[in-house]
Amino acid sequence: MRRILLLTAIALLIGVVGATASDNPVTSRATPGDGLVVQAQSYAVTSGSMAHFELLVNANVPEIAPTTTTTTTTTTTTTTTTTTTTTTTVPDAGVVSPSSTEPPGVTIVEPPTVTTLPAPTTTVDPGPEMTVQIRAHRRLTSRAAVELSLGDSVGPVIDILEFELSKVSRFDSATGQRLLELDVPITGGIADVNRLDLLEPGVYPITIQIRRDSALVTAHTTFLEIVDAAGIGRGPFQFSVLATIDDPGPAPDSTELEAVAAGLREIADLASATGAPIAVALPPGVTKDVFSKDLEVADQLTAALDANDVLIALPDHPLDPSAAAENDLNKLFQTLLDEGQATLSELFPIRPVTRGAWPTHDQLTPEGAALLRDVGFPMLVVPFDRYLGYQGSLVDLTDTSLLLSARLPDRTVIRMLVVDPITELLEPDSNTGNSPAEAAVLLMATTSAMRYQLDPDLRSMVLTTADLTAPDPEVLAHLEQFVAEHPAYSFQPLDRIADITNMFFVDGLPVTVELDTRASVSLKGRVQRLDETRLRMADVESMLPDSDDRPDGWESTLLTALSTGLSAQQANLLVDQVLADLEQIRQAVRQPETFPFTITGRNADIPVRIPNTSDTPLRVVVRLAAEKLTFAAEGVEAVLLPNSITAVPVPVTTRSNGVFPVLVEVVTPAGNRLTEPVELTARVSTLTGLGRVFTVGALLVLATWWFSYFRRRRRAERVRDVEMTRSRHPAQPEHPEPETTHDENDTHGDTGRSEE
């Protein structure tokens, strides 16, 4: 003990103690096989208080042994006692003997003299001196120093306290474990040899050693922070817990459904282990599917989430915002997001569903981020590896406890919170070599040292894993205890972080990064094929009854095919299914039956017989074309009865008689051809019409003949009159022989004259 006091005095005077190899062993993070493993401890303590440590001893320390029953053997030793009696005669009262000081007449009897022989003795070996040393090292001033403290660079010792092993250890008979339980007093501002002297606020490495006769048996390094209870000093620091489940898409198989169910159970375990508010991002559609099939998971999760927990709104099935913005699907993204939010509100009726942050580990373009901002997300949460891929990222200088900015196309920005790599300590079932308590201590020490290293500010950190899944519930439970001990730390919901955290500035300017240049999934080819399919769907929909619900199902299938949770092959299969349904309906309308027909009137109806082999009445339009017939230009719309041949009367007007072809075409109400044109043979024989034609024609011929006849006769008479006049003229001889004149066109001249 004298040696310990001397070392302490030197440490106080000089401030630095050079540790030898035996006094300062190399320590590493504890694993269950290490010599000492922290099971529980204090982290943030104030001056004058007590720090508590509980460690599991895995080293070979048999001195921490189970309590045993001891049988005592009694050995009898014979002692020889010699008694000598002396009698003295006392004189009578009143007579004083000059040679005696005793009263006269009194006889004094001396007590017997007892002589005891020594018993035989046996020398017992007290065993080794077993001690536990608590060594405090120099205060840390940077985050990097925390990592160095776990190796050779733990730093110089500034104070030591020592305990007897037997007084701070016990054997747990129920588990068979050897345990250390230490209550270490902390100096209250003035150096004290009986307390651990940690005089300034800050993070201190603490090494706990077990020694046998001053020789080191095993050791372990942990951390304590001395905090100032009077104020927060360096500014508040908020933790926010995030747990997400990847959406397997709208068509998950049994393996993917089980993975989602396992993720839901992990979140339920996390929520049960801690009272800290948790932001949960659940795929709405798949979660609803799992809940309907596994009521135990549904009950477990809904019971575990309390009023402080929030759910993050997500689309009803996955649609990457960058791909949506690239293909002008912003409205669809908004619709799916609204539907997904409604689904989550239905599954968790008393839990708020918010748009406080968008967590993603996929590529994100500026257009995609702008879409997220427009639909209500003020902040992005991205893993550190994803952040490093952005142009403008600062690999070595990034302060993940402050918000960064991401540039948008309109020259505005959206805030971004980057997941710190230290969160690897929160990986469930990880092999980082830390017990849950040690992982929590290391995380607290790292963030605390960072606060002392940097300027005071409003800082936050999201607690999740590298892939944004649920953090380890045991680590988080210890972390919650440490936060409760620390006056500057608190847990806050993720949707509040954007409002209570400052921006990260370098040289007076906010750090702004450029997002990805393209989306994780390209939908261009898929969107084009879906547009073509929708045209066909609209065409077939015009044939169906208004009450038919198949168009809604087809549209839902096409929207599903746009999901970025599906591969291109899976999406094509969905589109093929819709196209097959459409084609089946189209093919149910067969070609009209061919037959000759006769029209005997000016106006008539041609009965076009069209088969429908489906179970649904179908609307069609029948169009006819012929040179000598007139039809309605728009055709005739008719409803074909299911599983029947329907005769559709088509009105026509004849323009001429005769025999000629008539083409029949069946189209959808939207105007697209359903069958190849069919040729019918028409015979037009309008009896009433021909009689009128013949009568009028005969009258015209007769009138023409009579007109010609009277004209020729009149000309002949004029000629005769002229000749008779000439014969009576004085210059002519008497009684000349008259000449006969013939009209070239008058074939009946002689007959006429003879008759006359």
Side-chain angles (χ1 to χ4, degrees), residues 235-238 240 242 244 279 281 310 312-315 319-331 333-334 337 354-421 423 450 454-462 464 468 492-520:
F237 195 100
Q238 287 81 216
S240 185
L242 171 65
T244 72
V310 298
I312 297 175
L314 295 178
L319 178 59
D320 181 77
S322 300
E326 182 182 30
N327 295 278
D328 197 22
L329 299 175
N330 293 21
K331 186 176 180 180
F333 184 86
Q334 172 75 65
L337 183 63
T354 70
R355 301 182 186 184
W358 177 267
T360 180
H361 45 66
D362 296 326
Q363 293 178 196
L364 185 64
T365 63
E367 293 76 12
L371 172 57
L372 291 173
R373 178 204 57 190
D374 294 342
V375 297
F377 291 95
M379 182 176 68
L380 308 174
V381 179
V382 299
F384 195 79
D385 289 344
R386 170 59 57 196
Y387 159 75
L388 291 181
Y390 298 148
Q391 182 180 352
S393 61
L394 304 176
V395 178
D396 299 323
L397 299 177
T398 299
D399 184 354
T400 56
S401 65
L402 296 175
L403 294 174
L404 288 79
S405 300
R407 201 181 311 279
L408 300 180
D410 58 0
R411 297 187 179 182
T412 61
V413 296
I414 188 172
R415 287 169 286 188
M416 176 189 298
L417 186 60
V418 178
V419 179
D420 195 282
T423 55
M450 182 170 62
L454 303 174
D455 293 334
D457 223 325
L458 303 177
R459 303 180 181 275
S460 299
M461 183 174 288
V462 61
T464 184
L468 308 182
Q492 297 292 338
L494 184 61
D495 56 351
R496 290 201 59 219
I497 293 299
D499 298 326
I500 58 177
T501 307
N502 283 344
M503 301 298 296
F504 180 28
F505 286 82
V506 173
D507 295 333
L509 297 175
V511 175
T512 305
V513 299
E514 304 290 340
L515 296 174
D516 299 297
T517 57
R518 60 182 181 179
S520 298

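Position 1 is the first residue of the sequence; numbering continues from there.
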- Not counting sequence neighbours, which residues clear side-chain contact (heavy atoms from CB on, under 4.5 Å) with E514? List them please. Q391, R407
Show me the side-chain donor-acceptor pairs of residues 366-385 shorter than 3.5 Å, one per line, residues at least two apart or across chains.
residue : atom : partner : partner atom : Å
R373    : NH1  : D410    : OD2          : 3.2
R373    : NH1  : T412    : OG1          : 2.7
R373    : NH2  : D410    : OD2          : 3.3

- Gap between atom CG of L402 and atom CE of M503 - 0.5 Å precision: 9.0 Å
- Query: Looking only at heavy atoms, which two atoms of Q363 and R386 are closest? And how far apart?
  - Reply: CG-NH1, 3.5 Å
Return a table of donor-acceptor pairs under 3.5 angstrom between the side chains of residues 494-502 and protein atoms on other chains or two or more places apart.
residue : atom : partner : partner atom : Å
R496    : NH1  : Q492    : OE1          : 2.7
T501    : OG1  : S460    : OG           : 2.6
T501    : OG1  : I497    : O            : 2.9
N502    : ND2  : D457    : OD1          : 2.3

- Message: Is any side-chain heavy atom of V418 closer than 4.5 Å to one of M416?
- Response: yes
- Test item: S393 side-chain N/O and L388 main-chain N/O as donor-acceptor pair under 3.5 Å: yes
- Can you see which heavy atom on L364 is nearest to which on P321, and at what distance? CD1-CG, 4.0 Å
- Item | side-chain hydrogen bond (donor to acceptor under 3.5 Å, both in side chains) partners of R355, counting only residues at least two apart | D338, Q341
- Query: Roughly how far, to the nearest 0.5 Å, is CE of M450 from OG1 of T400?
  - Reply: 5.0 Å
- Message: Within the structure provided, determine whether W358 and L314 are in side-chain contact (heavy-atom separation under 4.5 Å).
- Response: yes
- Taking all atoms of both residues into account, what is the closest heavy-atom pair of A281 and P359, and its distance? CB-CG, 4.3 Å
- Item | For S401, side-chain hydrogen bond (donor to acceptor under 3.5 Å, both in side chains) partners two or more places apart | D399, R459
- Query: So which heavy atom on G392 is nearest to which on V511, and how close?
  - Reply: O-CG1, 4.4 Å
- Query: How close do L397 and F504 get, heavy atom to heavy atom, and via which atoms?
  - Reply: O-CZ, 3.2 Å
- Would you mind reporting whether I312 and L242 have side-chain heavy atoms less than 4.5 Å apart? yes
- Query: Got a sec, which residues hit side-chain contact (heavy atoms from CB on, under 4.5 Å) with D362, two or more places apart in sequence or on another chain?
  - Reply: D320, T360, S520
- Message: Would you say that D516 contacts S322 through its side chain, given a criterion of any heavy-atom pair below 4.5 Å between the two side chains?
- Response: no
- Query: Can you find a pair of side-chain heavy atoms, one from L394 and one from Y387, that are under 4.5 Å apart?
  - Reply: yes
- Could you give the distance from OG (S405) to CZ (R415), rounded to the nearest 0.5 Å? 8.5 Å
- Item | Approximate separation, where rounding is to 0.5 Å, of L319 CG and L337 CG | 10.0 Å
- Query: Given side chains that start at C-beta, do those of L403 and L417 come closer than 4.5 Å, heavy atoms only?
  - Reply: yes
- Message: I need the I414 CD1 to T512 OG1 distance, nearest 0.5 Å.
- Response: 12.5 Å
